Amino acid sequence: MSGLRWSLIVGALGVLAVIMALMAPLRADAAASTLGEAAAQSGRYFGTAIAAGRLGDSQYTTIAGREFNMVTAENEMKIDATEPNRGQFNFTNGDRVYNWAVQNGKRVRGHTLAWHSQQPGWMQSLSGSSLRQAMIDHINGVMAHYKGKIYAWDVVNEAFADGNSGGRRDSNLQRTGNDWIEVAFRTARAADPAAKLCYNDYNIDNWTWAKTQGVYNMVRDFKQRGVPIDCVGLQSHFNGNSPYNSNYRTTISSFAALGVDVQITELDIQGGSPQTYAAVTNDCLAVPRCAGITVWGVRDQDSWLGAGASPLLFNGGNKKPAYDAVLNALNAANPGPTPTVTPTPPGDSGQIKGVASGRCLDVPNASTTDGTQVQLWDCNGQSNQQWSSTSAGEIKVYGNKCLDAAGTGNGTKVQIYGCWGGDNQKWRVNSDGSIVGVQSGRCLDAVGTGTANGTQIQLYDCSGGGNQKWTWSGRS
């Protein structure tokens, strides 16, 4: 073989190797290149606050569209924006933010339903029972508009006092009666059972502070009494007066131990320390129920603190050292135990039968009403017992209703609800026969280990019992 021909062959093989390398799929553990993708590797989100007035700024939307997978409306879903006159709702700007988010493949957090601040004048003039009813009506009106579309709502915002009392803030809402927060949460659950319900506040990051303990005691009381609350939002505006403290992880884990998720909802760090940003990120990653992080703005110039505070991850179109610190921390995380999307194998169809009871997962009276809790019933082959799975992890009945968890805690009812793509409608069917909610990590459970007709179905910590084992007839 001539030297020329050999050189041509070697050269061709070299080119082929380069082409094959370019065509090869990325390794599953390859580092993600954006914040949202990196957070999703451990089943979390990384979001930002979006202002409708900045959606015409191409630099702003390019960064936000590329980097984040969760959106919170900065002001557009607050009380004054959505109900400027009593009973007259305006969702123009809220919908601008929501529609931009959805069109760009992002989920949305709702902020905020009940708050002493940014109330319209008509609400500020009310008191007592009139104000209480106005709060209820506002929650119902806003949540009805966004029903089934919002991942989590900050139902009540900043209701606790600063200082050493650990008590409630004096406000017109507080003066309607100490039960106003509970009423807000119960109203919100009835208005949209699919949304996570959060209490959100600032200066509750340091575990030793009285305000933190006050909120903790309220959440513990709510969980003990069955008041519907799914998450606590730590705003985490860190500055010289409220600095990051190494007990932050203790705060996150302590709230999580009560059976609620923790969401870091409004993160900014005055001065933009990369070390502090990395520490906050790692603290969230260390607690499985820390669901995600939202930074309060895209670029320094968008911050409510002003660009001079340098509190965010971008300066103009440039990534700051804090950005790299966060991205590296997210990429170094171990995959979470319950990733956000872990689909049920598509093709499962037929009846889902309880191993302990021999009875089928059943929609009572063949109801198609959203919120109908499912039960055990004698298998009869009717349409209200015919379930099918999708590649997204949904379990459907009637073709358009999804098996849906109304929350994440033990005892949460499992119901049917119009399919909307939420993580509370995604399930893992495991080889041991358990069916686990992707959002909660809890098992589909027959209440009280019951086996009789009419036994209701709930979420509960997985125990391996027969009341949590299921067979799926016709499984492919």
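The shown structure was predicted, so the numbers you read here are calculated from the model rather than taken from an experiment. Position 1 is the first residue of the sequence; numbering continues from there. Note: hydrogens, waters and symmetry copies are ignored here, and every other heavy atom, side chains too, is used.
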Side chain to side chain donor-acceptor pair (under 3.5 Å) between D378 and N453, intermediate numbers included = CA-CA 7 Å; D378 291 333; N453 279 334; 3.1 Å; yes
query = Would you find a donor on one side and an acceptor on the other, under 3.5 Å apart, between the side chain of Y98 and the backbone of I150?
reply = no
D423: which of R428, R107, R44 passes salt bridge (charged side-chain N to carboxylate O under 4.0 Å, His left out) = R107
request  = Would you please indicate yes or no on a ring centroid separation below 6.0 angstrom for F91 and Y146?
outcome  = yes
No-hydrogen, no-angle side-chain donor-acceptor test under 3.5 Å, N331 and Q41 = yes
request  = Ignoring hydrogens and angles, tell me if any N or O in the side chain of Q385 forms a donor-acceptor pair with the backbone of N380 under 3.5 Å.
outcome  = yes
Verdict with reasoning, T408 to R289, per side chain to side chain donor-acceptor pair (under 3.5 Å) = CA-CA 11 Å; T408 58; R289 292 200 71 158; 3.2 Å; yes
request  = Decide whether T92 and N90 meet the rule of one side-chain donor and one side-chain acceptor closer than 3.5 Å.
outcome  = yes
inquiry  = Could you tell me if the side chain of W122 sits less than 4.5 Å from the side chain of E83, heavy atoms only?
reply    = yes
message = With rounding to the nearest 0.5 angstrom, report the CD to OG1 distance, Q415 to T369.
response = 11.5 Å
query = Strictly under 6.0 Å, is that where the ring centroids of Y45 and Y151 end up?
reply = yes
request  = Have a look at K196 and tell me which of N424, D261, D230 forms a side-chain hydrogen bond (donor to acceptor under 3.5 Å, both in side chains) with it.
outcome  = D261
task = Would you confirm whether R175, through its side chain, and S127, through its main-chain N or O, come within 3.5 Å as a donor-acceptor pair?
result = no
key: Parallel, tilted or perpendicular: rings of W115 and H111 (30°, 60°)   = tilted
note = N140 and A191 have their tightest heavy-atom pair at OD1-CB, 3.7 Å
query = Strictly by modelled atom types, are D461 and N410 linked by a side-chain donor-acceptor pair under 3.5 Å?
reply = yes
inquiry  = Restricting to non-hydrogen atoms, name the atom on W472 and the atom on W387 that form the minimum distance, rounded to 0.1 Å.
reply    = NE1-O, 3.4 Å
request  = Assign the ring pair F68 / F46 to parallel, tilted or perpendicular, where the plane angle (0 to 90°) is split at 30° and 60°.
outcome  = parallel
inquiry  = Could you report the tightest heavy-atom contact between L376 and A452, atom names first, then the distance?
reply    = CB-O, 4.0 Å
query = Within the side chain of D370, is there an N or O that forms a donor-acceptor pair under 3.5 Å with the backbone of G418?
reply = yes
inquiry  = Quick check: F238 with Y248 (ring centres under 6.0 Å apart)?
reply    = yes
ask   = Hey, are the side chains of I229 and L197 touching, using non-hydrogen atoms and a 4.5 Å cut-off?
value = no
key: Evaluation steps, side-chain contact (heavy atoms from CB on, under 4.5 Å), between Q351 and Q386   = CA-CA 5 Å; Q351 297 173 324; Q386 297 294 319; 3.6 Å; yes
task = Taking the side chain as every heavy atom from C-beta outward, state whether I416 and T372 have any pair of such atoms under 4.5 Å apart.
result = yes
query = When you look at N217 and R220, which way does the side chain to side chain donor-acceptor pair (under 3.5 Å) test go after all the steps?
reply = CA-CA 5 Å; N217 290 334; R220 181 174 59 186; 2.9 Å; yes
message = Are the side chains of M77 and V108 in contact, using a 4.5 Å heavy-atom criterion?
response = yes
Donor-acceptor pair between H237 and E266 side chains, under 3.5 angstrom = yes
message = Contact between Q235 and E158 at the side-chain level, heavy atoms closer than 4.5 Å - yes or no?
response = yes
ask   = Please walk me through it: do T449 and N467 pass side chain to side chain donor-acceptor pair (under 3.5 Å)?
value = CA-CA 5 Å; T449 66; N467 66 315; 5.6 Å; no
task = Report yes if some heavy atom in the side chain of R86 is under 4.5 Å from a heavy atom in the side chain of D137; otherwise report no.
result = yes
ask   = Are any non-hydrogen side-chain atoms of L173 and Q119 less than 4.5 angstrom apart?
value = yes
task = State which residue, out of T265, T112, N200, fulfils the side-chain hydrogen bond (donor to acceptor under 3.5 Å, both in side chains) condition with N157.
result = N200
inquiry  = In the structure I gave you, are the side-chain heavy atoms of N172 and L126 within less than 4.5 Å of one another anywhere?
reply    = no
inquiry  = Using a strict threshold of under 4.0 Å (side-chain N to carboxylate O), is an ion pair present between R132 and D179?
reply    = yes
query = Does a donor on one side chain sit under 3.5 Å from an acceptor on the other, for K413 and Q373?
reply = no
